[in-house]
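Working notes for the structure below.
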Amino acid sequence: MSSRLTIGLIIALWNLPWVLHIAGISPSRPLNGYQGEATPGKPTMETIQSGEFQSKTEDFLRVNFPFRPDAIRMQHQIDWSLFGKQHVKSTVVGKEGFLFERAYVNAARGLDPLDPEEIQRRSKAIKQASDSTETPIVVALAPGKGHFFREFLPPCLEAKCGDEPNRGHRLWKSALQSVGIPVLDLHSAFDTLRIGSKHPLFPKTGIHWSEFSMTQVVPALCQAVDAVLPVPLASGSWHVDSVRTTKKPEGTDDDIERAMNLLFDLPDFQMAYPVAQWEPSPARPKVLLVGDSYAWTPVNRGILRDGWQGEFWFYNQTAHGPDVQTKGMKVEARLSATGPDFLANQDAILLLSTDANLSRFPFGFAGIGSNLPMTAQGNASSGAAPQGTRPH
Amino acid sequence: MVFSSILFLLYFLPPVLGVAWWLSREHQTRAANAWLLLASLVFYAWGAPGFLPVLLLVCAANHQLVLRLHLANGRRRKRLRQAAVGLNVALLVGYKYLGFIAASICTALGMGAGPDLGIALPIGISFFTFQAISYVMDVDRKNAPPVDSFEMYLVYILSFPQMIAGPIVRFTAVQTELRKRRTSIEDWHEGAYRFGVGLAKKVLIANPLAAIYPLEASAINSTMLEWGSAEAAVALLAYTFQIYFDFSGYSDMAIGLGRMLGFRFPENFRNPYLSGSITEFWRRWHITLGDWMRDHLYIPLGGNRGGLLRTHINLISVFAISGLWHGASWNFLLWGLYHGTFLLFDRWGLKHWLNRRHQIVQTGITFLVVAIGWIVFALPEFAHTSEFVARLVGKHGIGSPHLDARSTAVLALAALLVFLPIRKHLEHKMSRSSARLVAGTLLWLASIVELSASGFNPFIYFRF
């Protein structure tokens, strides 16, 4: 091939991105993780003179040009392979390739913002809410990955070490029990389970407890609710028929790794996925589950529909469940639709949080605290921006 | 629109080069000039739409003045030359220095900071005014006849590869190419390679260096307050390398683009940090500015022909103006005077003393002098400069810099490229120009990959 033709070919290839962009063709697999979008500038005399049109257009093209996802994956892979550097917000790389979200590292090390007096106040408020609605409230303290894999946390140089590991878990458990709220301590239970478990209870490259851990969690949640229910109400039974294993994590088991947007998969555990059935109960209780993203795992296993007649309020912000008609309905709208007696009409209320979110627990439920982390002054509604990672 | 932006690299340059390649194939200089002019007008209008009409008007005035100057003699010729030069100087002073002059006068008279004149600095004004003056002088001195048309003059002044950040191109260097040029295969290969090298210098080295302990005013009130002498030393080293790779990278890109478009722009940097004296440094750093200052300022002032004192005054004046050319601020003037002073030291015996030392000692001392000068260049406020120097000399302890692996690698690579003839060795190995085309393309791709990911720092989930 002549040199001139080679040059022409290279120039033609160089023109490919803008041609594909105008043609609306996007050849790359989209990136994972939320980043935010850029909108193109609107060309008016004013915006052109001020430079607003130009800067917006440049931002838009920078974020939307074809092949950008491939370029980003390549750059991330280079940074990761050569320098061990990753680009996901609030993610910490531990030993042996274990990935953590910073909030979990902070919780494990007792560095999360907590006020013992505020925790006591909120615990009393939870008890009052239970008494005033005549509805039993159970609190499930879920394990956090930072504590579960504490031996793989990064050295303290990167993430400062506090003096009181798992401070949040201990303060909340003690405060809740002191006011008579039943506590399902999955945080401590997982410490025992991790030694003998046949399959991983937490993934290496994901945030949440594993799908396999549901073989312990789902029955435990059902039992905790049943323990506060009057006879003859009882949750459905979840029976595991078999367990399927795979080297390729599924669902949220590698959500941190996916957000890293690498070219090649990271080494992971052999993960296990239970194949299970619900045995319905003749009198399933109405249960309101209020919790963080750890609650999604049992919810996705059908606990709302088959274990209970349930509903899930994600961070007390959006309502989800078989009876919620509008997807992602705001909790305020849900309460307006269902009426003021909604909480009193539940057979039980289950509040669930992992250790990383205990600073915001119970997420403003029943007007207790708010969805912002508590501060050292104990002002839960200080309006300060959430610390660490985004909630999930 | 900067060269190292996605907009330029993937949306502007490819179609411009595509058409230019087609036109070069057909050897149509006039059409090539028209295309280059159109692209340059779009390029400039994108960055400074409000100033474009003013720029075109000034270009028209310049062009007419020089046409008349060329045909004039005696006093009329002198007046036309003064008018043409004065027009460009007035433009530069008005847009770039008026605010600084007003503020300085107000400060001196105890009237505070002075009024905000609200004059926006047009991009590239320092370069194209100097280029315009260079054209006036070349025609006046009969080094070259004037351009054939206003269009050709605009191509010379506004050509986008070099109008924003140089190199300052003398009219005599490109007058033949403006009238008739062919772009050979080798020009495309060499141009693509040079552009890729420049882009890589900017994106893969200069940009990461800028993130290592940034030496800038915004860091003064935050991160710099935690620095000991070690951090300050790393910051200074990183900045010293950063400014070289940034500036020389831009020059490489301009030269590479020019080559692909059929022009041979002059070199602007020649391993300046290997210099054995400040005198030598200024023959290797921003060469085109040095040449311009010598030909249009130093020599007209008398050069070294008016005796020792006059020579010294001329040198200091030229460097003071060189310093101010970089920015309308006292620190730039000081930086210029700092270098001018060392040039005098060279003449008083320092250069002679250095020449009797080992090359490493010569280079080391010169590098140190230049690096210290960058402190004044980088920090406009005297309070910031003194704060930094205090930290550098250890008044706040030694400290311990924490550099991640990537930053350490970039710093090490920068040092190797600056002090060792790695590039020369590699280029020698790539004797075939097609190998350089491949190398340039790979560097370009690597830079795109780096640019794509910068600022991509996602959250794992989007939930309020």
Side-chain angles (χ1 to χ4, degrees), chain A residues 2-4 6-8 10-12 14-18 21 31-36 48-49 51 54 57-58 61-63 65-76 78-79 82-85 87-91 101 157 207 255-256 258-259 261 293 314-315 317 371 389-392, chain B residues 1-2 5-15 17-22 24-25 45-50 120 183-189 192 260 402 404-409 433-434 437-438 440-441 444-446 448-464:
Chain A
S2 80
S3 285
R4 194 166 275 283
T6 310
I7 294 165
I10 290 174
I11 293 176
W14 200 354
N15 277 274
L16 197 58
W18 70 265
H21 196 163
L31 293 163
N32 296 310
Y34 171 68
Q35 170 72 6
I48 290 172
Q49 282 287 102
Q54 292 90 315
T57 302
E58 288 202 38
L61 294 176
R62 183 178 53 80
V63 165
F65 76 90
F67 304 115
R68 180 178 186 245
D70 299 314
I72 284 177
R73 287 193 175 94
M74 197 176 302
Q75 211 266 353
H76 283 188
I78 291 169
D79 268 354
L82 293 181
F83 306 111
K85 188 175 172 180
H87 296 269
V88 184
K89 268 189 178 48
S90 301
T91 292
E101 255 224 326
L157 188 66
I207 299 172
D255 46 13
I256 302 180
R258 276 187 280 114
N261 289 292
S293 59
F314 179 44
Y315 282 104
Q317 298 287 300
N371 232 322
T389 187
R390 286 215 164 217
H392 51 269
Chain B
M1 200 190 310
V2 295
S5 67
I6 292 295
L7 171 65
F8 181 83
L9 292 168
L10 296 183
Y11 291 86
F12 176 82
L13 191 61
L17 286 183
V19 175
W21 171 80
W22 183 261
S24 75
R25 189 170 161 272
W46 185 267
T183 314
S184 67
I185 303 295
E186 197 186 328
D187 286 330
W188 281 100
H189 289 176
M260 286 190 279
H402 296 298
D404 61 30
R406 196 175 194 259
S407 301
T408 308
S433 66
S434 54
L437 172 67
V438 171
T441 308
W444 175 83
L445 279 171
I448 291 279
V449 165
E450 174 72 18
L451 278 172
S452 307
S454 68
F456 181 71
N457 194 216
F459 294 108
I460 300 171
Y461 291 101
F462 171 42
R463 290 281 187 185
F464 42 85

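Protein chains get the first letters and strands the later ones, always in sequence-line order, with residue 1 at the start of each. From a predicted model like this one, the values you see are computed outputs, not experimental measurements.
Considering only heavy-atom pairs separated by less than 4.5 Å from chain B, the leading option among Ile11(A), Ile78(A), Ile10(A) is Ile11(A). Among the candidates Gln49(A), Arg73(A), Lys85(A), the residue making the largest number of heavy-atom pairs closer than 4.5 Å to chain B is Gln49(A). Annotation: maximal heavy-atom pairing with chain A below 4.5 Å, among Trp444(B), Phe8(B), Trp188(B), occurs at Trp444(B).
Taking Ala45(B) as the reference, Leu52(B) meet the side-chain contact (heavy atoms from CB on, under 4.5 Å) condition, with sequence neighbours excluded. For Thr408(B), the side-chain contact (heavy atoms from CB on, under 4.5 Å) test picks out Leu403(B), with sequence neighbours left out.
Rounded to the nearest 0.5 angstrom, Asp70(A) CG and Leu31(A) CG are separated by 8.5 Å. Distance check, rounded to the nearest 0.5 Å: CG of Asp255(A) to CD of Glu101(A) gives 8.0 Å.
Proximity of a side-chain donor or acceptor of Gln54(A) to a complementary backbone N or O of Trp46(B) within less than 3.5 Å is detected.
The part of Leu13(B) that comes within reach of chain A is its side chain, from C-beta onward, which places non-hydrogen atoms under 4.5 angstrom from that chain. For a residue to count as touching a neighbouring chain, one of its non-hydrogen atoms must lie under 4.5 Å from one of that chain's; by this rule Leu437(B) touches chain A with the side chain only.
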